[in-house]
Amino acid sequence: MSDTRFTCADSAVLTILKTSEEVNQLKDVDTILDKILYESRRFANADAGSIFLVEKDSLIFSYVQNDTLFKGESANAALYQNFAIPISEQSIVGYAAKTRSNLAIDDAYALDPTLPFAFNKSFDQKSGYRTTSMLTIPLIAQESRLVGVMQLINARSESGAVEPFSAEAQTYIPLFCNNAAVAIERGIMNRELILRMMQMAELRDPTETGAHVQRVGAYCAEIYGTWAARRKHSAKDIKRIRDNLRLAAMLHDVGKVGISDNILKKPGKLTDEEFEAVKWHTVYGARLFRNQTSGLDAMSSDIARCHHEKWAGGGYPGTVAPDLWSPEARMGQSLSGEAIPLAARICAVADVYDALASPRSYKDPFPDEKCLSILEKDAGTHFDPEIVEIFVEIFDVIKAIRDKFKETPHP
């Protein structure tokens with residue numbers, strides 16, 4: 001007779017397999033990090049956690065969750081902190097990365113002083129938080145490549161008291177991390193591929209920088225999250241669409257590769273004829289996604305084609321006749337209102353704001369008050385008024401994104 005008993009170990013393994021499958025369906029690295037950290041914390045009943053990703057000889061702070069400290073918008077703004085820790089044995093996460101070993105600490109304030117690493121109390125002192133138990137795990141992908149380090153903080157009992165991480169958590173979360181590291185590496189590669197595509201556009205239009213498209217992508221993801229939460233969409237659906245939207249928005253101006261250098265790099269004002277030529281970047285961008293194989297392709301096409309449409313009409317390219325793909329295609333009646341895809345309406349606000357807030361050859365960056373004033377003035381004409389309202393509501397998050405993805409001078 002076969003043994004049909006189902007053990008806790010069996011349940012843990014099944015949970016890991018199911019969660020790993022869900023992670024592998026995601027595309028953008030930030031959505032992947034969010035899912036990995038959330039599920040690891042849920043398995044261990046941990047109050048907080050963070051993920052650091054490897055960049056050269058450093059660990060870059062890349063994701064954070066903290067149920068005690070971060071509520072609402074403060075949680076989203078915290079995601080865009082920007083600092084690095086050396087890969088060395090002096091810090092806890094550095095030691096885990098350097099030695100590629102898991103570290104379970106019952107009380108961060110009671111570490112043996114003879115250990116090579118020490119607990120940095122500065123965050124606790126600044127925030128009033130009390131870090132106690134910690135579980136730190138290196139994220140190692142295929143061929144033993146170190147991708148990053150995940151750190152879980154303050155495991156909690158059923159009553160909510162902080163306790164050490166259980167033997168079960170110390171056994172099974174590292175197994176999950178083995179699969180998760182591969183997904184993280186794939187997410188990083190997806191974003192890098194998009195940034196390389198945008199580097200081609202930057203060769204034509206110097207304003208289409210990697211920092212610009214990452215800001216626009218992040219703005220769009222945060223705007224959509226608030227829009228969907230207002231409508232009480234499920235967390236799973238929100239994460240799925242945010243996953244696509246962040247990447248698709250980064251490609252909003254990829255069609256500029258089809259516009260002449262003489263126009264895009266012209267230092268002065270464009271003639272009417274030249275501006276008409278520039279408008280075609282919306283069509284060229286949409287055409288890149290003709291053979292659609294995923295929701296990401298469809299959303300990328302919508303954004304590329306429609307992010308210059310206006311809420312009250314008068315944008316472009318409008319209804320392209322006889323169709324988008326015809327060599328004889330011509331622009332037609334502009335779209336308006338909800339006929340414009342939601343993702344494109346969101347990207348329109350994000351893209352215009354970033355142009356206003358960024359330096360250009362012909363202007364200095366506008367101050368926040370002026371940027372918001374322009375957006376609010378054009379709400380209901382150029383922009384979906386609810387999207388502008390949300391943008392203003394989450395402006396602290398917008399500023400955190402802007403500060404994280406700053407322009408870096410070309411060598």
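Counting begins at 1 with the first residue of the sequence. Scope of the values below: all heavy atoms of this structure, side chains included, with no hydrogens, waters or symmetry mates.
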**Student:** Looking at residues at least two apart in the chain, or sitting in another chain, which of them share a ring pair (Phe, Tyr, Trp, His ring centres under 6.0 Å) with F289?
**Tutor:**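 Counting only residues at least two positions away or on another chain, F289 forms no ring pair (Phe, Tyr, Trp, His ring centres under 6.0 Å).
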**Student:** Could you pull out all residues at least two apart from Y109 that satisfy ring pair (Phe, Tyr, Trp, His ring centres under 6.0 Å)?
**Tutor:**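 Listed in chain order: F119.
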**Student:** Does the side chain of N178 reach to within under 4.5 Å of the side chain of L139, using non-hydrogen atoms?
**Tutor:**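 No. Closest side-chain heavy atoms not under 4.5 Å.
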**Student:** Is a donor on one side and an acceptor on the other found under 3.5 Å between the side chain of S62 and the backbone of I60?
**Tutor:**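 Present.
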**Student:** Between E274 and K279, is there a side-chain N and carboxylate O pair less than 4.0 Å apart?
**Tutor:**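 Salt bridge absent between E274 and K279.
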**Student:** So, the side chain of E309 versus the backbone of G318: is there a donor-acceptor pair under 3.5 Å, distance only?
**Tutor:**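 Here the side-chain-to-backbone pair exists.
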**Student:** What residues, two or more places apart in sequence or in another chain, satisfy side chain to side chain donor-acceptor pair (under 3.5 Å) together with D261?
**Tutor:**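 For D261 the side chain to side chain donor-acceptor pair (under 3.5 Å) partners, ignoring immediate neighbours, are R204.
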**Student:** For Q142, what residues pass the side chain to side chain donor-acceptor pair (under 3.5 Å) criterion, not counting sequence neighbours?
**Tutor:**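 For Q142, no residue satisfies side chain to side chain donor-acceptor pair (under 3.5 Å) once neighbours in sequence are set aside.
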**Student:** If you measure from the Lys or Arg side-chain nitrogens to the Asp or Glu carboxylate oxygens, is any gap between R130 and D124 under 4.0 Å?
**Tutor:**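 Judged by the 4.0 Å cut-off on N to carboxylate O distance, R130 and D124 do not form a salt bridge.
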**Student:** With a 4.5 Å heavy-atom cut-off, do Q90 and F117 have their side chains touching?
**Tutor:**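 No, too far: nothing below the 4.5 Å cut-off.
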**Student:** To the nearest 0.5 Å, what is the distance between CG on N45 and CD on E163?
**Tutor:**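 The CD atom of E163 is 8.0 Å from CG of N45, to the nearest 0.5 Å.
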**Student:** To the closest 0.5 Å, what do you measure between CG (N244) and CG (D302)?
**Tutor:**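 Rounded to the nearest 0.5 Å, the CG-CG separation comes to 11.5 Å.
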**Student:** Determine, for F123 and K121, whether the Lys NZ or Arg CZ falls below 6.0 Å from the six-membered ring centre while staying within 45 degrees of the axis.
**Tutor:**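 So K121 doesn't make the cation-pi contact.
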**Student:** Is the closest side-chain heavy-atom distance between F391 and L372 below 4.5 Å?
**Tutor:**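 Yes, their side chains come closer than 4.5 Å.
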**Student:** Do E22 and K236 meet the salt-bridge criterion of a basic N to acidic O distance under 4.0 Å?
**Tutor:**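 No, no charged N to carboxylate O under 4.0 Å.
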**Student:** Any cation-pi pair here, K399 with Y80, using under 6.0 Å and within 45°?
**Tutor:**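 No.
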**Student:** Please find out if less than 6.0 Å separates the ring center of H212 from that of H252.
**Tutor:**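 Yes, they do, as the ring centres are separated by less than 6.0 Å.
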**Student:** Taking the six-membered ring for Trp and the full ring for Phe, Tyr or His, determine whether the centres of H307 and H281 are under 6.0 Å apart.
**Tutor:**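 Ring centroids of H307 and H281 are less than 6.0 Å from each other.
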**Student:** For a side-chain contact (heavy atoms from CB on, under 4.5 Å) with T68, tell me which candidate from N154, I153, D47 qualifies.
**Tutor:**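 Exactly one pass, corresponding to D47.
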**Student:** Using a strict cut-off of less than 4.0 Å between a Lys/Arg side-chain nitrogen and an Asp/Glu carboxylate oxygen, indicate whether D243 and R240 qualify as a salt bridge.
**Tutor:**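 Salt bridge flag = no for R240 with D243.
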**Student:** Can you give each donor-acceptor pair under 3.5 Å made by side-chain atoms of residues 338-348, sequence neighbours left out, with the distance rounded to 0.1 Å?
**Tutor:**
residue, atom, partner, partner atom, Å
R345, NE, D384, OD2, 2.9
R345, NH1, I340, O, 2.7
R345, NH2, D384, OD2, 3.4

**Student:** Over all heavy atoms of both residues, which pair between V93 and Q151 is shortest? Give the atoms and the distance, please.
**Tutor:**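 Minimum heavy-atom contact is CG1-NE2, 3.5 Å.
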**Student:** Just to verify, what does E39 make a side chain to side chain donor-acceptor pair (under 3.5 Å) with, not counting sequence neighbours?
**Tutor:**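 Per chain and number, E39 pairs via side chain to side chain donor-acceptor pair (under 3.5 Å) with K35, R42.
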**Student:** Can a salt bridge be assigned to the pair D34 and R242 using a cut-off of 4.0 Å between side-chain N and carboxylate O?
**Tutor:**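 A salt bridge is absent here (no side-chain N lies under 4.0 Å from a carboxylate O).
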**Student:** By the definition salt bridge (charged side-chain N to carboxylate O under 4.0 Å, His left out), identify the one residue from D368, D396, D354 that meets it with R402.
**Tutor:**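 Filter result, single survivor: D368.
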**Student:** Please name the pair of heavy atoms, one in A96 and one in P138, separated by the smallest distance, quoted to 0.1 Å.
**Tutor:**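 Smallest interatomic distance, heavy atoms only, reads O-CB, 3.7 Å.
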